[in-house]
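Numbers restart at 1 for each chain; the letters A, B, ... are given by sequence-line order, proteins then strands.
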Amino acid sequence: MVAFSRKFCTTRSPLFSHKQLFQLQEPQQNQPFIPFSQLQQRKLLESQLISVLHGCNSLKQIKQVHAHLFRKGLDQCCFVLTKLLRMLTKFDVPMDPYPRLVFDQVKRPNPFLWTAFIRGYSLQGPFTESVLLYNCMRREGAGPVSFTFTALLKACTAALDVNLGRQIHAQAISIGGFANDLYVGNTLIEMYLKCGVLDCGRRVFDEMPDKDVISWTSLIVAYAKSGDMEAAARLFDGLPEKDMVAWTAMVTGYAQNGRPREALEYFERMQDVGVETDEVTLVGAISACAQLGAAKYANWVRDVAEQSGFGPTKNVVVVSALIDMYSKCGSVEDAYRVFEAMSERNVFSFSSMILGFAMHGRADAAMRLFHEMLKTETKPNRVTFVGVLTACSHVGMVEQGRHLFATMEECYGVSPSVDHYACMVDLLGRAGCLEEALKLIKTMPMEPHGGVWGALLGACRIHGNPDIAEIAANHLFEIEPNAIGNYILLSNIYALAGRWDDVSRIRKLMREKGLRKNPGCSWVEAKKGVIHEFFAGDMTHPKSTEIKRALEDLLDRLKEHGYLPNLSSVAYDVSDEDKKRILMTHSEKLALAFGLLSTNVGSSIRIVKNLRICEDCHSVMCGASQITGREIIVRDNMRFHHFRDGVCSCGNFW
DNA sequence: CTAGGGTTAG
């Protein structure tokens, strides 16, 4: 522990010997007398210099001011030098050597100058240097001031060193009650929260004599990050004056916790009460729309963005969020439009766009963009590779995927993570190389997670391999015992193989664990963007009779074109007639029939489904797109399917 | 001086 050691601090520059340091502590005896008029002139000059410094926008200009200080005899003026140091920090000038030199030339730094110097190291590191300097400052008898503690605490936050933070906290209490200062208190809260000690942050908050909206917001964010949105909402309700940042914290909190509806509720409410929105708020709302996948909300947020003056934004974060949103709302074209218009692209924008293409089965576009990216300064990261590998996977480009996976480390410096292994298992599995996929899992250098086994299980469903499926499922039942999807998938695979005893064994297992199947549910947008919801087997919609008739008509016409119900899509051991009846009422078929009824001829139909689309529905969608001439876009829980002229963008490969 | 931001696979 370096903090507050009794050892003499050695970080002060070699310009000073120990002896000199002690001499400096003695009060200066013979202060020269300065007449009042000169003093006034000097003050004027100082404030002029400060405004000059404020306007500097390069290191060179700051150096010029520094040289000027010497000429004017102000080279020891802490007031101006503090500003100078702060400007150097602002431009991220490395503390060594120049800012350090500036500081070392000052014989008697005042507490503010000390603090500015300490702050520099708190922002850049090495963080231990901040503490050493603090010791040094105390030894020289200067300060501290409240900023000193905020600077030190910032260093602790950056270093995630809560032990050091506690010591600073103790110092702040023991030296003149600095812990009661609002800024110090807020920084203390932030330090504890960032270090993951939520209860300590809460205690500081509860004990603070004066709190402001910043104190509340820090805590709200911490609860949100810990996943406790209820606690966050309780705090938010008690917050007397809610500003834009506090509202934004709630919007993004819900968005980050996978609760997009509530995120948008807060977004709407903040507009109702007349709080401004800025780009950060928008990013939260945009990300909520992406999760929801409904174009209606996306358009609404876009309108709000335009009204708030952030229409054609250049902010790279906003646009990257937009790319993701448009892709997930079904329009990869819109996503690409905003991507193309970007003046500045970073790894987020590229990766999001690549993932967007991958999600929509546009592997060629994804690969082209990837190669375009390689020509830029932007280096691909792990997410980028997840994107290209899934792109390969969804269209069965096995060799390309294998090659990328094999070379990603040596060529691009990204070492394969579990997620990349999951992509590879998916790629091999979908292509039918189940044995090879299993072998890959066994030779992985890390512990496979649910995604890896899940990919294998999914592939076993496509290729009907109950034996390997059992291996995968048994691992999954251990890793994620309550994930219902795994049980259903395995039981479907058994059903496909006609192993009905095993089916009932799994069903029994599910019952024993108290797991209940999620009902299939689909949404479709009718006229005016109204969203209608359909559950599997649900005939409660007011237009049920018409929907049923429309669906029967459609299926009859499809049968003339050779459609046969795919009875193996029903994983119950019931009669074929019952299977047909069950198939008829799958939620996506109801949504499709309603969509056909309630939208204009020629317009496209957008359906969102909570589960994976079944094979029978998939082929019905294909056929329907052909005989009705409509474009049908289905987003299931995995990916997008664009049905047009009888063909799906996934190439019947999902 | 102190609070809020985007991409990940089954």
- Which part of the nucleic acid, if any, lies within reach of A:Lys211 when heavy atoms closer than 4.0 Å are counted: base, sugar-phosphate only, or nothing? nothing

- Task: Rounded to the nearest angstrom, tell me the gap between atom CG in A:Leu153 and atom P in B:dA3.
- Result: 12 Å

- Is A:Asp324 touching bases, backbone alone, or none of the nucleic acid, heavy atoms closer than 4.0 Å? sugar-phosphate

- What nucleic acid atoms does A:Thr150 come within less than 4.0 Å of, heavy atoms only: base, sugar-phosphate, or nothing? base

Cut-off 3.5 Å, no hydrogens considered: what does the side-chain donor-acceptor table look like for residues 175-185 of chain A, sequence neighbours left out?
from	atom 1	to	atom 2	distance (Å)
A:Asp181	OD2	A:Tyr183	N	2.9
A:Asp181	OD2	A:Val184	N	3.1

- Task: Report yes if a side-chain nitrogen or oxygen of A:Gln256 is closer than 4.0 Å to either non-bridging phosphate oxygen (OP1 or OP2) of B:dG4; otherwise report no.
- Result: no

- Message: Would you say A:Lys154 places a side-chain N or O within less than 4.0 Å of OP1 or OP2 belonging to B:dT2?
- Response: yes

- Message: Of the options B:dT7, B:dT8, B:dG6, whose atoms approach the side-chain atoms of A:Val386 most closely?
- Response: B:dT8

- Message: Can you list, in residue-number order, the parts of residues 334-344 of chain A that come under 4.0 Å of DNA chain B, counting heavy atoms only?
- Response: none

- Query: Any side-chain N or O of A:Lys194 under 4.0 Å from OP1/OP2 of B:dT2?
  - Reply: no

- Query: Across the strands shown, which category fits A:Gly450 at heavy-atom distances under 4.0 angstrom: base, sugar-phosphate, nothing?
  - Reply: base

- Query: Looking at the side chain of A:Ser320, which of B:dG6, B:dG5, B:dT7 is the nearest nucleotide?
  - Reply: B:dG6

